[in-house]
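Just so it is clear: chains get the letters A, B, ... in the order the sequence lines come, proteins before strands, and each one is counted from 1.
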Amino acid sequence: MPFLELDALSKHYGPVKAVDDVSLSVEQGEFISLLGPSGCGKTTTLQMIAGFVDATAGRIRLQGRDITHAPANSRGLGIVFQSYALFPHMTVADNVAFGLEMQKVERAERARRVEQALALVHLDAHAGRYPRELSGGQRQRVALARAIVIRPPLLLLDEPLSNLDAKLREAMQFELRTIQQQVGTTTIMVTHDQAEAFSVSDRVVVMQSGRITQIDTPYEVYEHPASEFISRFVGKTNLLPPATDGGPQRHVRPEKLMLKPAGQGRADATIVDRFFLGSQWLYHLESPLGPMVVVQVNDGSPAHPPGTAVALDWDDAILRTLPEGGR
Amino acid sequence: MPRNGSFAILFNTLVVMFMLAPLVIVCLVAFTPENTLSLPGWTWSLRWFRKVFEHPDFVTSFINSLWLATVSASLAVGLAVPASLAITRGNFPGRQALEGLFLSPLVIPHLVLGVALLQMFARIGATGSFVWLALAHVVVITPYAMRLLIAAMTGYDRSVEHAALSLGASRLTVFRRITLPMILPGVSGGWLLCFINSFDEVTMSIFITAPSTITLPVKMYMYATESIDPMMAAVSALIVGLTAATALLLDRIYGLDRVLVGQR
Ligand SMILES: Nc1ncnc2c1ncn2[C@@H]1O[C@H](COP(=O)(O)OP(=O)(O)OP(=O)(O)O)[C@@H](O)[C@H]1O
Ligand SMILES: [Mg+2]
């Protein structure tokens, strides 16, 4: 029996199918990401699981129990809202204690668990502050502590890191994953950032216009995307002509193409532009096959200046064709 | 270090003086020993204050007004909180109409309301009834609370309430522990505005108060139509003093900006 099961779940607003026939099974302890472009129905899906949006059709089962229409305050889920949604008139400690108070946990035990949860997110020193006295990242962590302190069977995170700067974001991704593994809570995270989805999830659920278009491990989604749309959503890609006339088009990711001296590869190309990414160089090239992008590890040697004639080479084994009918 | 230019300071000084001057003058006149409305010279006197308290009907009407303003402001806010919640949150047909209905007393002249209510009260035998007087006040002051509360509630992040629900709080608990504290500045500001409007209301009240329910402004108006002596100034001075004392007290206990603006 799956831990959480979405069975043909739909939410329609008049003619708008915000979520359409979504089915998903989540195992206990799994970290799942809902990934997709803006407006594809990620938040709506999460809100139906949370109980703030009533499903038009379909079922939600948590640990075998049908909770499709159960009131939100009876579900006992931990939720981190995109907007933090901290209680502005309560201190950090009171925010975190609120759920325990609702569970009628007695005072001493409550204080102990609040302290523990705040320590987990490295905020024990800020227990007495009000939310407005915290930075964005600190508020985010309070929201996380408030959600996990009630030891929910399921944690729902709606773009929990979207408002953080790159550095803090990466640190928080790592922290999220660590906390999730320490506590072992089944987690569903909404994001539109593929790197974030890849780095923390066991499986990625790709959504597009209200429907699920792929469910796979991050590696599979990147290496074997189910459609050209997904392929381009999760990374850059190059199109190569079919191997045989009338055969399917082939794809290759920019880091899997090799740059060789002119005349020594399988296609000639000219460097049009180059971008320095720190650990890598990103090249835009012009070739008889069309425009190409190539990513090369920055190994310390000087980069090719624009205008350089080079050759492209690749290993046939890493070429991908997309499934028939995939769009 | 002044951050305002000298022109801005001058302008603000003029505005404050323009608003305060009549109040200051009325308070000064209250201390005159003369029989006419005149500024006191070298000798100041409390005779007009003494005279106020020799008129027990002034004291009664003051208590009437206080009581009336308290009751009707509380009723108005009690009505405006759920109504503005429904208007800002709800998604039902007739929402706009409901808002219009609640705000409509703002555009009806109190004179017209007074005449209409006078006739209605006579018909239903409600003349001299404190309850009906209070209800009439509720009608005219509720819009003030509505305006403030609707402003406080729009742009309010519902996900905070959702967060409380998800943590297991009942709807009542969410209202008591989350919603109410967050809209408290709107509630207290609305109450105060209602109180002041009720306490101050004279046009409509002239028609619908009876001797037993007469309010201070009506009493003052009636007194002033018969005789002009500095006792009116003394009454006004007393009200100004009382208001200032209340404001100071509130500020000491809660901080006025916290109550009215919501800064903590
Ligand atoms: N209350 C509503 N009434 C009508 N349409 C709605 C409502 N809520 C959402 N929608 C529509 O449903 C679709 C899915 O919305 P949703 O908020 O789930 O998107 P999302 O994937 O979370 O997007 P984002 O990444 O921008 O947050 C959108 O097209 C949106 O316009
Ligand atoms: Mg969203």
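- Within 6.0 Å of CZ in B:Arg89 there are more than 12 heavy atoms belonging to other residues, nucleotides or ligands.
- Heavy atoms of other residues, nucleotides or ligands lying less than 6.0 angstrom from CD of A:Glu115 number 12 at most.
- The side-chain hydrogen bond (donor to acceptor under 3.5 Å, both in side chains) search around A:Glu5 returns A:Arg61, not counting sequence neighbours.
- No part of A:Leu156 comes within reach of chain B, as not one of its non-hydrogen atoms sits under 4.5 angstrom from that chain.
- For a residue to count as touching a neighbouring chain, one of its non-hydrogen atoms must lie under 4.5 Å from one of that chain's; by this rule A:Leu77 touches chain B with the backbone only.
- Within residues 99-108 of chain A, the residues having any heavy atom less than 4.5 Å from a heavy atom of chain B are, in residue-number order, A:Gly99, A:Glu101, A:Met102.
- Contact residues of residues 157-167 of chain B toward chain A are B:Asp157, B:Ser159, B:Val160, B:His162, B:Ala163, B:Ala164, B:Leu165, B:Ser166, B:Leu167 (heavy-atom distance under 4.5 Å).
- More than 12 heavy atoms of other residues, nucleotides or ligands shown are found within 6.0 angstrom of CZ on A:Arg59.
- Here the CZ-CE distance, from A:Phe87 to B:Met182, works out to 9.5 Å after rounding to the nearest 0.5 Å.
- Taking a 6.0 Å sphere around CZ of B:Phe92, one finds it holds more than 12 heavy atoms contributed by other residues, nucleotides or ligands.
- Against chain A, no residue from residues 67-79 of chain B qualifies, as none has a non-hydrogen atom under 4.5 angstrom away.
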